[in-house]
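Okay, so here's the structure we're looking at.
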Amino acid sequence: MAGEIVTEVEQTHGQDADATDVPLLVGTVRGVGSVADAVVCAERAARRLDRGVVVDWPAPDEDTAVLAVRDAIGHTLARVEIRPLSDEPARTLEPLIPPTAGWQASVLAPPPGMSRASTLLDVLENHAAVYTEAEVEALWNSMPLLRRYAEDDGGSPFSDWALIFRDHYVENSVGFLLAAERAGVPGQWIYALAKGDRTANRRRVHAWFLHRGYRSAVLDNSVIDGTSPPAEVDLARRTAADVDDFIRRAHRAGRRVLIIDDGGLLAQGPGGRRMVTEPVDAAVELTVSGLKRIAAAPTVGLPVFNMARSEVKGVIAYNEIADSCLRRVRAIIPNQKFVGRRVLVTGYGVLGSRLARQLRGIGCRPTVVDSDPLMLIQAAEDGFDTRRTVARALRDSSPFLIVSSAGEPVLEEDDLALLPDGLLLAGFATKDFSLLHTGRAGIPGQRVPGLGVRYSLPGGRHVLMLGDGRSLNLFEYEGIPNRGYDAYRAATLVAARELCGNHAAYASGVHVEPVNQAVRRAGLLDAYYDLYLEDGPGTDAAPADRTAARRER
């Protein structure tokens, strides 16, 4: 993720290309704070670009400022013009009260210096991306259960462990790693890995991780799945080599290594597609797809705590995931009518069944497709129209939308001739519509910014795949609200504490019951009910207070 910086670049028109002394606009950066904060940010960026530069800061003209960045002999490299912004919306899920000020910095340079000024713009963007203290405090306060279980009583089982955390780069991941650090994992022994999704604030998360002293990089799912271009494979190999080095250094320092993984890519056993090869000591797996990868490995070789099949994920977290999926579908296509229309739901597992019920709840007419007869029986007895195959469902109806969470390819090449013109595809597992987004079908696609990819089918038909072929609820979106994932993140921390604190008690293999027992012993389910369901949201002290009072009664 390093270097993956997007800036708002505006072109200056009507300038004389030969007038080398006329500065051109390179781009703009927005940040949170005062103009004075922005000046400090810009000075740091300029000096990081070149320690020999001179930064002139004339006295601010009221509430604006202009910085001139010059080389050692006085040549102007760039000019940074900073102005305040008013009524800026919060850049985080949690609004800041009182709201903080905002600023915009414009970087200008004469044509000969455009390249270095562009680098300056990138560095400034990196500095501006870091979450402010006020933003982190608001985020932290939005996850009271996680806060409660992050308390380090001085006997932390994490004190001699290193942590590799691979998940989506969203705000609740920031909260989780901050909790892990406060629970006893030293920041310099945390390695964060993004899964490669285009989450809305991935650059901010990455910048904050680096600012905090963690290592941060990308280890993309698509590389393991064999669907990435060579350049991304090379990047993943370099990242994996760096993770291997991190593991070796941790072991040399007398630390054991815990992996908390969303996808089983690190915990899986030896194999041709395993990228991180250094052995680790324990793992917590967060997903069903990860469990499948682990089960397919010749050997596990370490204890793995199974969060994917835990009570807290099955009963609590999946409801929040399904809610975020449907909200994202409706938000990305606000022009569409849903009520009364036919929808195909492929996969009737823990997520698909919830999506089918939610779609029916807003007035859609879902048809469920699943290859497992038991799932079809369950769907039919839940009152849904059912079919064994997508092809059969498409012959019998003309849906406007296919929602899929199967985790396996749901379209075959023969199905393409049956897709109605204008069909929308919403996938919540990377493999679902891989026939299209991997190029395997050879169908040309045209990107529609902010929406997805439009594929041209024979006969003049078109279908629109929403998002980028990955989980749609993570496409340019934050996914699940922090409070929605509060209990699950807290449960993951509780499970990790149990695994690290009693590591020798657990044999190699996958364990789910110890997760459930640890969560119940910790009183997390009671605290969750008391905080969010019985009396409504309360303060961070409310869960413990109300749980104790209820037990006394």
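Quick caveat, the model's predicted, so the values are computed rather than measured.
More than 12 heavy atoms of other residues, nucleotides or ligands sit less than 6.0 Å from atom CZ of Arg341.
Rounding to the nearest 0.5 Å gives a distance of 9.5 Å between CG of Asn482 and OG of Ser173. Rounding to the nearest 0.5 Å gives a distance of 9.0 Å between CE of Met114 and CG of Leu108. For the atom pair Phe165 CZ and Ser216 OG, the distance stands at 11.0 Å (nearest 0.5 Å).
Every residue meeting the side-chain contact (heavy atoms from CB on, under 4.5 Å) condition with Ala138, not counting sequence neighbours, appears here in chain and number order: Glu94, Leu96. Under the side-chain hydrogen bond (donor to acceptor under 3.5 Å, both in side chains) criterion, Thr287 pairs with Glu285, Ser289, sequence neighbours left out. The ring-ring contact (aromatic ring centres under 6.0 Å, His included) check on Phe428 picks up nothing, with sequence neighbours excluded. Applying the side-chain hydrogen bond (donor to acceptor under 3.5 Å, both in side chains) rule to Glu311 yields the partners Arg520; only residues at least two apart in sequence or on another chain are considered. Applying the salt bridge (charged side-chain N to carboxylate O under 4.0 Å, His left out) criterion to Glu181, with sequence neighbours excluded, gives Arg212. Legend: residues meeting ring-ring contact (aromatic ring centres under 6.0 Å, His included) with Phe400, ordered by chain and number and at least two apart, are Phe338. Residues satisfying the side-chain contact (heavy atoms from CB on, under 4.5 Å) criterion with Arg198, sequence neighbours excluded, are Arg202, Asp468, Phe475, Glu476. Phe209 pairs by the ring-ring contact (aromatic ring centres under 6.0 Å, His included) definition with Tyr169, Tyr214, not counting sequence neighbours. Residues that satisfy the side-chain hydrogen bond (donor to acceptor under 3.5 Å, both in side chains) test with Gln446, not counting sequence neighbours, are absent from this structure. With sequence neighbours excluded, no residue forms a ring-ring contact (aromatic ring centres under 6.0 Å, His included) with Trp103.
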Please output the side-chain donor-acceptor pairs of residues 316-323 that fall under 3.5 Å, not counting sequence neighbours, one pair per line with the distance.
from: Asn319; atom 1: OD1; to: Arg354; atom 2: NE; distance (Å): 2.7
from: Asn319; atom 1: ND2; to: Val315; atom 2: O; distance (Å): 3.0
from: Asp323; atom 1: OD2; to: Arg327; atom 2: NE; distance (Å): 3.0

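Listed for the Asp197 side chain is no donor-acceptor partner under 3.5 Å among the backbone atoms of Thr199. Between the Lys195 side chain and the Gly263 main chain, no donor and acceptor come within less than 3.5 Å of each other. Of the possible polar contacts, none joining the Asn201 side chain to the Arg204 backbone as a donor-acceptor pair under 3.5 Å is found. Judged purely by atom type and a 3.5 angstrom limit, Asp432 uses its side chain to pair as donor or acceptor with the backbone of Gly407. With Ser156 contributing its side chain and Phe158 its backbone, the two residues share a donor-acceptor pair below 3.5 Å. Without hydrogens or angle criteria, Glu135 side chain to Thr132 main chain gives a donor-acceptor distance under 3.5 Å. The backbone N or O of Ala207 lies less than 3.5 Å from no partner atom in the side chain of Tyr131, so there is not a single donor-acceptor pair.
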Are Arg182 and Glu151 close enough, and set up right, to give a salt bridge (charged side-chain N to carboxylate O under 4.0 Å, His left out), and what steps lead you there? CA-CA 7 Å; Arg182 294 186 177 181; Glu151 295 176 1; over 6 Å; no
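No side-chain donor from either of Asp486 and Tyr528 sits under 3.5 Å from a side-chain acceptor of the other. Side-chain contact annotation: Thr119 with Asp122, donor-acceptor N/O pair under 3.5 Å absent.
For the pair Gly196 and Asp220, the tightest heavy-atom approach, listed with the atom from each and the gap, is CA-OD2, 3.7 Å. Summarising the geometry of Ser118 relative to Val26, their closest heavy-atom pair is CA-CG1, 3.8 Å, with the distance given to 0.1 Å. Nearest heavy atom pair, residue Leu474 against residue Gly479, reads CD2-CA, 4.3 Å. The two atoms that bring Gly467 and Ile332 nearest to each other are N-CD1, 4.3 Å, heavy atoms only.
For residues 99-108, no pair satisfies salt bridge (Lys or Arg N to Asp or Glu O under 4.0 Å), with sequence neighbours left out.
By the 6.0 Å and 45° rule, Arg203 does not stack over the aromatic ring of Trp208.
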